[in-house]
Amino acid sequence: MMATAIDSKLRQHFAPMRLSIEDESSRHRGHAGYREGGESHFRVEIVSAAFAGQSRVARQRLVYAVLKDEFSAGLHALALTTLTPEEDTKA
């Protein structure tokens with residue numbers, strides 16, 4: 001399952017304090033990249049000290065690089081929220 005692979009890889013690479021993964025594929029029915037059965041569009045919120053000192057774009061690039069195989073296997077879109085632990089306490 002795509003969600004399981006995403007979870008495993010993000011936990012391995014970023015040791016997050018918090019990780020939330022939501023399959024939003026059903027909201028994209030009829031849009032590009034949608035496929036029956038879902039697992040094409042996800043919302044991910046990750047809180048990790050690994051993002052300290054990184055811009056929002058740099059953080060997203062790190063996540064995309066870790067999940068490159070999933071994109072090749074049919075992952076179409078990620079809506080990302082990437083925070084440091086300090087930023088998470090301010091929210």
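In this text the structure is predicted, and so the values were computed from the model without any measurement. Only heavy atoms go into these numbers, but all of them, side chains included; no hydrogens, no water, no symmetry mates.
- Taking CG from Leu10 and OG from Ser20, the interatomic distance works out to 11.5 Å, rounded to the nearest 0.5 Å.
- In terms of heavy atoms, Thr89 sits closest to Glu86 at OG1-O, 2.8 Å.
- The closest side-chain heavy-atom distance from Pro16 to Val47 is not below 4.5 Å.
- For the atom pair CG of Asp23 and CZ of Phe42, the computed distance is 4.0 Å after rounding to the nearest 0.5 Å.
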Do Phe14 and Thr82 pass the side chain to side chain contact (heavy atoms under 4.5 Å, CB included) test, and can you show the C-alpha distance, the side-chain angles, and the key distance before you say yes or no? CA-CA 11 Å; Phe14 298 108; Thr82 54; over 6 Å; no
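- No side-chain donor-acceptor contact under 3.5 Å links Ser8 to the backbone of Ala5.
- Smallest separation of non-hydrogen atoms from Met17 and Pro85: SD-CG, 3.1 Å.
- Counting only residues at least two apart or in different chains, side-chain hydrogen bond (donor to acceptor under 3.5 Å, both in side chains) contacts with residues 61-72 comprise Lys9-Glu70.
- Closest approach of His13 and Val66 over heavy atoms only: ND1-CG1, 3.6 Å.
- Residue pairs meeting the side-chain hydrogen bond (donor to acceptor under 3.5 Å, both in side chains) criterion with at least one member in residues 44-59, sequence neighbours excluded: Arg18-Glu45, Arg59-Glu87.
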Worked check of side chain to side chain contact (heavy atoms under 4.5 Å, CB included) between Ile46 and Leu83: CA-CA 6 Å; Ile46 181 171; Leu83 301 171; over 6 Å; no
Let's go through Val44 and Val63 carefully: what are the C-alpha distance in whole Å and the side-chain angles of both, what is the deciding distance for side chain to side chain contact (heavy atoms under 4.5 Å, CB included) to 0.1 Å, and is it a yes or a no? CA-CA 10 Å; Val44 172; Val63 172; 5.7 Å; no
